Number of protein chains: 2
Amino acid sequence: MATEQDAPLRSPHVRAKRQRRRTEILHAALRAFRQRGYHATTLDDIAEQLGVRKTALYHYFPDKEAILYACHRESLTELNRILTGARALDTAVERLSYVIREHVRVMTDTLEGSPLAFEVTALAPDRQKEIIAARDRYERALRRMIQGGVAAGELRPTNPKTAVFAILGAINWIARWYRPDGAMHADELGAEFAEHLVGGLTCQ
Amino acid sequence: MATEQDAPLRSPHVRAKRQRRRTEILHAALRAFRQRGYHATTLDDIAEQLGVRKTALYHYFPDKEAILYACHRESLTELNRILTGARALDTAVERLSYVIREHVRVMTDTLEGSPLAFEVTALAPDRQKEIIAARDRYERALRRMIQGGVAAGELRPTNPKTAVFAILGAINWIARWYRPDGAMHADELGAEFAEHLVGGLTCQ
DNA sequence: TCAAACTTTGAATCACTGTTCAAATTATCT
DNA sequence: AGATAATTTGAACAGTGATTCAAAGTTTGA
């Protein structure tokens, strides 16, 4: 725990270097968690990707759970970025399609991980509450998009809750089968998902 | 291991009783695996649900992995049943809707578990191969349904692979949020999912 | 170049959990 | 009721993997 909030480090350069390393660890963890899940991933797995012993990780994170927590945080930041981008668009269909495309992209490119797909139950109660709350905010935002679209006559009346679960389920599941070297390219995937998942909501 | 293939048990009654107990264990495991995942679930967790010590489980299964394997098997049987039912229907839309409704029902009612959602990587290589092959057969069957629908002019041209991933993702994700005591009732859920997920495929 | 700060390491510890096994308990069947 | 089979138990074991820590190695900055 001491490593986290230590006295100010000497120089900005050193501080930046440390930050870079933290990010490297985070991404290695992201990748591993995505593939094998949190519990099946050992600290050795993560360390090995970085060519380092697992004890080195403790210089950057107090424990394994903290790494998972950081993964969640980083992912949720990404999702909020997406929401902000979506708000600039005009129609509900555009907004929803954008969110789906971008969320898929986050799953495949940026984070090589799955924002909402990580096991939240492995977190300590406080952190769990925080992450779940943030996740709920995201889900609520999507629901409101759908409700808005229905109100505007763009979408046919649907249960927004179910619709959002279906959309997020489809997206989160990507973590289970997507492999960067596979035949399916990320961009098309997002576009097709958007078409398919929004298509089921539009008025005939 | 000896417990599995033992000499014939004395009476049909005893045999049946043993089978019932096996099923009880299986369902307790299914429930636990669904909620916490395989690795986070301990044998104590499973045993506790049955009011028994974990060592009792070894009388029915040789080890933890065997329980997971049995879960997979049982689930896949259920999916095959669904496919058979679907084949009796006339149109691709009907068949797909049926599969989605029934698969959702399996997720919520029957098995209180998630056929394809269990970690397959925890299985030994042979078993893993077997389960993956069965899962692939199911996915291929769904893809063919979609392709048939496209060929018949019922569905608009789509990448069947992506579409099936989206559908199965939405369904499998149910395991992560669905709680039997929640507000959402299973039947409606299936119907809404079918409408939403098939709606995105139909011709306008 | 050298001392101080930073990073990584190897060895040791600790807790957890899957597994074994012999003994105790309970159910079955005549 | 009593012999036998079936089931459950508690205690012990073993392996894994997270965590601690002091020491070694490396980088930084004057």
Side-chain angles (χ1 to χ4, degrees), chain A residues 1-25 28-29 32-33 36-70 119 121-124, chain B residues 1-26 28-29 32-33 36-71 119 121-124:
Chain A
M1 198 201 97
T3 27
E4 288 280 326
Q5 304 275 6
D6 258 350
L9 301 170
R10 208 160 54 172
S11 76
H13 169 237
V14 170
R15 193 194 233 109
K17 197 176 161 191
R18 180 186 169 84
Q19 190 51 48
R20 269 199 307 279
R21 197 88 173 113
R22 259 182 76 99
T23 317
E24 278 176 20
I25 294 174
F33 290 164
R36 268 156 285 178
Y38 174 74
H39 291 284
T41 302
T42 71
L43 290 181
D44 284 311
D45 289 336
I46 299 171
E48 195 183 355
Q49 281 189 67
L50 302 163
V52 105
R53 303 273 165 249
K54 65 179 165 189
T55 42
L57 305 180
Y58 284 87
H59 200 249
Y60 301 92
F61 294 94
D63 53 28
K64 190 184 174 190
E65 189 223 323
I67 301 181
L68 179 64
Y69 177 65
E119 285 123 303
T121 51
L123 295 170
Chain B
M1 197 201 92
T3 28
E4 287 284 323
Q5 304 277 8
D6 257 347
L9 301 168
R10 211 164 48 174
S11 76
H13 170 239
V14 170
R15 192 192 234 111
K17 194 177 164 193
R18 179 185 170 85
Q19 191 50 50
R20 269 199 308 280
R21 197 86 173 116
R22 258 182 80 97
T23 317
E24 277 176 21
I25 295 174
L26 219 56
F33 291 162
R36 268 155 285 178
Y38 175 74
H39 292 285
T41 301
T42 70
L43 291 180
D44 283 311
D45 290 336
I46 299 171
E48 195 182 353
Q49 281 189 67
L50 302 164
V52 105
R53 304 275 162 246
K54 66 178 166 189
T55 43
L57 304 180
Y58 283 87
H59 199 250
Y60 301 92
F61 295 94
D63 53 29
K64 191 185 173 188
E65 190 224 320
I67 301 180
L68 178 64
Y69 177 65
C71 286
E119 286 121 303
T121 51
L123 294 172

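These numbers come from the heavy atoms of this one structure, side chains and all, not from hydrogens, waters or symmetry mates. For clarity, every value in this text was computed on a predicted model and none was experimentally measured. Note on naming: letters A, B, ... go to the chains in the order of the sequence lines (proteins, then strands), and numbering restarts at 1 for each one.
Across A/D45 and A/A40, no two heavy atoms sit closer than the pair OD2-O, 3.8 Å.
Note on B/T42: only backbone sugar-phosphate atoms sit closer than 4.0 angstrom, heavy atoms only; bases stay farther off. Counting any heavy atom pair closer than 4.0 Å across all strands shown, A/K17 reaches sugar-phosphate atoms only and no base atom.
Judged by distance alone, the side chain of A/R21 and the main-chain N or O of A/Y60 form no donor-acceptor pair under 3.5 Å. In this structure a side-chain-to-backbone donor-acceptor pair under 3.5 Å is present from A/K64 to A/T41. Using a distance-only test at 3.5 Å, with no hydrogens or angles considered, a donor-acceptor pair links the side chain of B/E65 to the main chain of B/A124.
Ranking D/dT8, D/dT28, D/dA18 by closeness to the A/K64 side chain, first place goes to D/dA18. Of the candidates D/dT19, D/dT9, C/dG18, the closest approach to any side-chain atom of B/Y58 belongs to C/dG18.
The distance from atom CZ of A/R20 to atom P of D/dT27 is 14 Å, rounded to the nearest whole Å. Separating the CD1 atom of B/I67 from the P atom of C/dT17 is a distance of 15 Å, rounded to the nearest angstrom. Put simply, NE2 on A/H39 is 14 Å from P on D/dG17, counting in whole angstrom units. Remark: P of C/dC6 and CZ of A/R22 are 16 Å apart, rounded to the nearest angstrom. Atom CZ in B/R53 sits roughly 15 Å away from atom C1' in D/dT7 (whole-Å rounding). When the P atom of D/dG10 is taken as reference, atom CG of B/D44 falls 12 Å away, rounded to whole Å. In this structure, B/L57 atom CG and D/dG10 atom P are separated by 14 Å, rounded to whole Å. What separates CG of B/L43 from C1' of C/dT20 is a distance of 13 Å, to the nearest Å.
Of the two residues contacting DNA chain C, namely B/E65 and B/H13, the nearest-nucleotide position lying further toward the 5' end is that of B/E65. Mapping A/A40 and A/T55 onto DNA chain D by nearest heavy atom places A/A40 at the nucleotide closer to the 5' end. Annotation: of the two residues near DNA chain D, A/D63 and B/G51, the 5′-most nearest-nucleotide partner is B/G51.
Evaluation of atom-type donor-acceptor distances gives a pair under 3.5 Å for the side chain of B/K54 against the base of C/dG18.
Distances shown here put a side-chain N or O of B/H59 below 4.0 Å from the OP1 or OP2 atom of D/dT7. A sub-4.0 Å separation between OP1 or OP2 of D/dT8 and a side-chain N or O of B/R21 is present. One finds no side-chain N or O of B/Y60 lying less than 4.0 angstrom from the OP1 or OP2 phosphate oxygen of D/dA6. Look at A/R18 and you'll find a side-chain N or O under 4.0 angstrom from OP1 or OP2 of C/dT7.
In this structure the side chain of B/F61 reaches within 4.5 angstrom of the side chain of B/R22, judged on heavy atoms.
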